[in-house]
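Have a look at the structure below before the remarks.
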Number of protein chains: 2
Amino acid sequence: MTDTVILNRDIEQLAVNTIKMLSVDAIEKAKSGHPGLPTGAMDYAYVLWTQFLRFNPNDPTWPNRDRFILSAGHGCMLLYSLLHLTGYDVSLDDLKNFRQWGSSTPGHPEFGHTAGVDATTGPLGQGFANGVGMAMAERMMAARFNKPGFDLFNNRIFAICSDGDLMEGISHEAASLAGHLGLGNIIYIYDDNHISIGGNTSISYSDDVAKRFEGYHWHIQSIDGHDRIAAATAIQNAIEEKDRPSLIIARTIIAKDAPNKHNTSGAHGEPFGPDETKAMKEALGWPLEPAFFVPDGVYDVFRARPKAVEAEYNEWRDMLKGYRQQYPDLADQLDAMKELRVPADLTDKLIEAASAFDPDATRSYSGKIMQVAAELIPSLAGGSADLEPSTKTLLKETTSITRNTFDGRNIHFGVRELGMGGVVNGLAYYGYFIPYGATFLVFSDYMRSAVRLAALSDLQCVWIWTHDSIFVGEDGPTHEPIEHIPSLRAMPGLSVIRPADAAETAVAWAAALQNTGCPTALILSRQKAPAIDRKNISDAKGLLRGAYIVSDPADGNPDVILIATGTEVRTTQDALKLLDAEGVKARLVSMPSWDLFEKQGKDYRDSILPPAVVKRVAVEAASPFGWERYVGTGGLVLGINRFGASAPLKVLQENFGYTPEKIAQSIREYLKG
Amino acid sequence: MTDTVILNRDIEQLAVNTIKMLSVDAIEKAKSGHPGLPTGAMDYAYVLWTQFLRFNPNDPTWPNRDRFILSAGHGCMLLYSLLHLTGYDVSLDDLKNFRQWGSSTPGHPEFGHTAGVDATTGPLGQGFANGVGMAMAERMMAARFNKPGFDLFNNRIFAICSDGDLMEGISHEAASLAGHLGLGNIIYIYDDNHISIGGNTSISYSDDVAKRFEGYHWHIQSIDGHDRIAAATAIQNAIEEKDRPSLIIARTIIAKDAPNKHNTSGAHGEPFGPDETKAMKEALGWPLEPAFFVPDGVYDVFRARPKAVEAEYNEWRDMLKGYRQQYPDLADQLDAMKELRVPADLTDKLIEAASAFDPDATRSYSGKIMQVAAELIPSLAGGSADLEPSTKTLLKETTSITRNTFDGRNIHFGVRELGMGGVVNGLAYYGYFIPYGATFLVFSDYMRSAVRLAALSDLQCVWIWTHDSIFVGEDGPTHEPIEHIPSLRAMPGLSVIRPADAAETAVAWAAALQNTGCPTALILSRQKAPAIDRKNISDAKGLLRGAYIVSDPADGNPDVILIATGTEVRTTQDALKLLDAEGVKARLVSMPSWDLFEKQGKDYRDSILPPAVVKRVAVEAASPFGWERYVGTGGLVLGINRFGASAPLKVLQENFGYTPEKIAQSIREYLKG
């Protein structure tokens, strides 16, 4: 750099401009990206990252670091620029590789992919809810572990949200819950730039955001988002407000220093182009060349912050050492939670517990297994979307978290399925928790976008979806899942398990709790699920391999393979008893999880489904979609190709063909044909 | 009845108690249902239905009737009781068959199934959003057709909402949009009973609802929900408020007159049981027998309302006759809209238009086709969730609706995918419209619950989902759909179409516009989709049958069938050109729609996919889930079993194997193996 090109000698302004211009240059080079946010949010982002945020680029997963979520994930060049400037493992070359194959700077921030990214964002509103989950996690960890003199957990959750985040319904669900719980550790900045892709936000949006959030009992401040002193004051006030989550409404000008694009929707989501980039650099007195220019002294400004935090970081580590000595049992529990530790013999323990269960629905078995699992695994915590009694998910040996008490493990999410999804993901992002969220399977539709992000981000959470089929009964088609099971099976990275009885439910939970780095969906029944006849209860461990043989004909040479899941395993077994007498030689396979089965080697798969046995039947009270994979195009799928109906269980079983007699008859006809 | 058992001689109170006790008895008989709402909401519901609601049970689809939505659909016995008492085609026997197989009184209200039900509800919050769509529809119809002296459209939209409805994020999205548009024709009553399934709502919910809705610019009143005079005053005030939607917060006591269950969560969703039912009847001085008792004079009270409306109804019909004479062209357009009429030669017209398009993405073809379709079909109206420029869905020859002008056909939904889903459904429920809603395919996840209700309710809407694959490119995995196409194919009643080029896009639109009683999803590309080589552009009409032959080997005897969808048809065709030279004899099938294909007879299906040709390959840049149906277990599926990546298009094509060379190579290996 030379003295002549940098007109503004104010180092702070230079630092702010660097955030902006690195972002503009990276997007320009990628010929793709969203320059709008980084060129509007840079002032308060600078203040936050250089004066308030507690972090250590050398230890990006420091448990008590403040979390920073860019809920408006499309503006990720803001975040990547900050990560680079503050000393995270994001180099100038990484910025130059923005949005390229294999780079650490993908098109939207990805947790686990880039150091310093605390949440995968992009789908709007999700980050907002993740932060609520992280804030709950902090409170829950503090309640469990902090002791006088050992403030192990006291981090804050910062986020930047856009108009889009606040328009999304998930922001309502999460904000309402955060206000209800009085999560004062939340400090969100709303980047109010009045611009969205479609044009001025006024074409579709005129909320009085302050009033709306007052309705949620949040603490509200409004500032000029380019006034850095105002930003510092507002952030400080928000930090001091301990009883309410804080929203700082920062009015900004999108693309503030771009002479032609400022305050236009064109600045939101496309590169400025060479002319406007040049014009902007000229307006700022920025050197035209080289791109990705960082003026002298600017790194120092940004790196002063982690240096200032270093003492606190070291103190924290020393504190943890002291804690280990003074509270060894708690420290061990803390380690167990950090590792998401489960006992080595978990599966056996849970099967053993299940062996004593009276016949019931798999949701009820699950509820009982959870009590056992919660005792063994301190990481387990969660709740349901106002369906505790129906989903059987309340942990009995602990309390529910409330505004004032966070030492419990039950969370009442309210009728907020998607918010629950985002909050559960937030709990998982925070670390320490294997969180679960429960609702009816049919309402998994409300939360799919969050479930997908859990899968994409390798989060170990457990989705408990009960009322798994038309056997919901009287509630009728609005409440009866049909397409949901195959729709979820199609999602990469999600393990889907539909257990058949108590033993399988126990093993399904064991799988979920051992599925490190992967969310699991447990698909559970409202209808009774009596035990399937198997030689040994431990055969149910076959669930861990996705599918296993329940029974074979006496000579071990089946003519036909019957594959079933969930409660249809037992019904099919009863049907088979009818067919046995007629000389049908069938193998019965329970296949609770396609994805676990597909992870097995070919030998195992062929041992369960020998290629030579081409007559095959699948029985599942759901859309038949996809079953040709296992029964072939010549197979029979006893599925449901329509919506359900409102009627008592037995009437539905009869009319949809899921009695042992009807199943036997269908198989009989198939074998004849 | 006898004089002695009815203590309260006040006929109004008797009428109110009848709503309540019919509901309690029906739920008791069904041994299933939700008595909470009908035993808390009866007072204001009585006032609304006997003093304000304009309806004609003899003409349940009278276009200018007021709409009534029970957004809290679980309380459907309230609605069924009212429908019965006011003279709709819902008999006492129907009430006695509540929740039984084949009855007209299913577990949640179903549009098209029960006369007088204006929207399918149950999944919470959906009805709230549907009403916003209906209110927009009314305004749009009034703007287009009302003339001085011909107030054809001036109906109001009433709804009852519960805590659950207001906790759901969709209520935020829809309320924000309704307030933005100043929909004064909305009058919603919030049944604020402080009870949810999990217990008192205070375990998870403490919103200041009035303040929240003031933030949306709604008109708010709070009343004692059991004070019928207050309810009448509030409803009247709400009707008179023309510039803002109205919310009446009615504090009610759930199960008000049930001596033991009142104000308990146990009253929400299970039958009271014989003891409590008896106790309640005794408390009300109600005869214990017979159940389903309707005191003398009560029918008269309820039927006085439709009688009072009759004059208005007849005037409206006369007005329409006069309108036909005075405005014959408009009247014809009105009829066209009512019939959702499309020209008989629509497909040809759209193909012809498409024949002139320059090579582009299918989203762009779609945008151009929509301009033509909008001209031909006055029912077509809709918009996108803040993605107009990206989804290419803005109609150019019309304006956008705004707070003050509703004569346009473009709707700016804002960043509110699920709200858009509910509003689009509301436009369809209202009649007259073939509404569409657009966003990126990956964000269809946010709106699945609404899409499902469209399918369940046989609503002809069009979902336009662009950015159909990893070929989104730089935006990366958060924005790249993988599992969405199969997930949507699994949904009953939804037609899913992924066209390959301009001609197919034209025919896809023709299918959607002719798909009476069925929603259609158009899956469209961001990437360029040059025309596939076909003998004649009209071959693309094969799309209407789901799949068709693009090309065959010279001798007409293929050794292998290649099946592709969307942009992969052309890439596969290019691959085939490479293989041709090597003597590979392949048939190329374009299969834009599985569901349309499956509606064809076996002959047609076998003519496209002859069973004798067992070597088959499917090419689709999506999860391979389900393709075994067409390629068999021995087939090859060139799909994607992981999440996508952030990189430029060509890099992704190369790395994921979707170049002609890579596809040819995969096929080559498959044929060898």
Side-chain angles (χ1 to χ4, degrees), chain A residues 32 99-101 106-108 122-124 164 167-170 172-173 176 180 196-198 203-208 211-212 214-216 386-388 412 414-416 418 445-446 448-449 456 474-478 482-483 486-487 490-492 623 625-626 628-629 632-633 642-643 646-647 651, chain B residues 32 99-101 106-108 122-124 164 167-170 172-173 176 180 196-198 203-208 211-212 214-216 386-388 412 414-416 418 445-446 448-449 456 474-478 482-483 486-487 490-492 623 625-626 628-629 632-633 642-643 646-647 651:
Chain A
S32 167
R99 300 191 146 210
Q100 303 309 302
W101 180 263
H108 290 81
L124 288 167
M167 280 194 246
E168 289 285 358
I170 188 174
H172 162 61
E173 299 181 14
S176 173
H180 177 75
S196 63
I197 294 175
I203 64 172
S204 61
Y205 188 55
S206 50
D207 286 6
D208 180 335
K211 206 169 252 182
R212 175 188 163 206
E214 280 167 18
Y216 303 137
D386 192 41
L387 287 171
E388 288 81 15
H412 297 284
V415 187
R416 306 180 178 106
L418 181 53
D445 277 351
Y446 278 96
R448 262 185 92 92
S449 56
L456 178 55
E474 289 90 345
D475 271 352
T478 54
I482 298 290
E483 71 278 22
S487 294
M491 190 183 287
S623 163
F625 196 90
E628 291 87 355
R629 177 171 301 179
T633 48
R642 47 159 285 191
F643 287 108
S646 175
V651 178
Chain B
S32 167
R99 299 190 145 210
Q100 303 309 303
W101 180 263
H108 290 81
L124 288 167
M167 279 193 248
E168 289 286 359
I170 186 175
H172 162 62
E173 299 181 14
S176 173
H180 177 76
S196 64
I197 294 175
I203 63 171
S204 61
Y205 188 56
S206 50
D207 286 5
D208 180 336
K211 206 169 252 181
R212 174 186 165 207
E214 279 168 18
Y216 304 138
D386 193 40
L387 288 170
E388 290 79 16
H412 297 284
V415 186
R416 306 179 178 105
L418 181 53
D445 277 352
Y446 278 95
R448 262 186 93 93
S449 57
L456 178 55
E474 288 89 345
D475 270 351
T478 55
I482 298 288
E483 71 278 23
S487 294
M491 190 183 287
S623 163
F625 197 90
E628 290 87 355
R629 178 170 300 178
T633 48
R642 51 160 282 191
F643 287 107
S646 175
V651 178

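Chain letters run A, B, ... following the sequence lines, proteins first, then strands; residues in each count from 1. What you see is a predicted model, and the numbers here were worked out from it, not measured in a lab.
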Checking A:E474 now: which residues fulfil side chain to side chain donor-acceptor pair (under 3.5 Å) with it, not counting sequence neighbours? none
Which heavy atom of A:S646 sits nearest a heavy atom of B:G107, and at what distance? OG-N, 2.9 Å
Okay, A:T633 and chain B: the region with an atom under 4.5 Å from a heavy atom over there is side chain
Relative to chain B, which segment of A:Q100 carries a heavy atom at a distance below 4.5 Å: side chain, backbone, both, or neither? both
Heavy atoms only: give me the nearest A:F625-B:G626 pair and the separation to one decimal. CE2-CA, 4.0 Å
Could you please spell out the steps behind the side-chain contact (heavy atoms from CB on, under 4.5 Å) verdict for B:R416 and A:S204? CA-CA 10 Å; B:R416 306 179 178 105; A:S204 61; 3.9 Å; yes
Residue, of B:G476, B:S206, B:G164, that accumulates the most heavy atom pairs under 4.5 Å with chain A: B:S206
Answer with side chain, backbone, both or neither: which region of A:S623 has an atom nearer than 4.5 Å to a non-hydrogen atom of chain B? side chain
Engaged part of A:L418 at the chain B interface, taking heavy atoms whose separation is under 4.5 Å: side chain
Segment of B:L124 engaging chain A (4.5 angstrom heavy-atom cut-off): both
If I measure from the heavy atoms of chain B, does A:S32 come under 4.5 Å with its side chain, its backbone, both, or neither? side chain
Quick one: CE on A:M167 to CD on B:E173, what's the gap to the nearest 0.5 Å? 10.0 Å
For B:P123 and A:T478, the nearest pair of non-hydrogen atoms, with its separation, is CD-CB, 3.8 Å
State, without any angle test, whether A:S487 and B:R448 hold a side-chain donor-acceptor pair at a distance under 3.5 Å. yes
Counting N and O atoms only, with roles assigned by atom type, does the side chain of A:H108 sit under 3.5 Å from a partner on the main chain of B:D475, one being a donor and the other an acceptor? yes
Chain A shares the most heavy-atom pairs under 4.5 Å, among B:H172, B:K211, B:R642, B:E388, with B:H172
Over all atoms of both residues, closest heavy-atom pair of B:S196 and A:D386: OG-OD1, 3.0 Å
Check: B:E628 side chain, A:E628 main-chain N or O, donor-acceptor pair, under 3.5 Å: no
Where do A:P492 and B:I482 come nearest, in terms of heavy atoms and distance? CG-CG2, 3.8 Å
Minimal non-hydrogen separation, A:M491 against B:E483, with atom names: CG-OE2, 3.5 Å
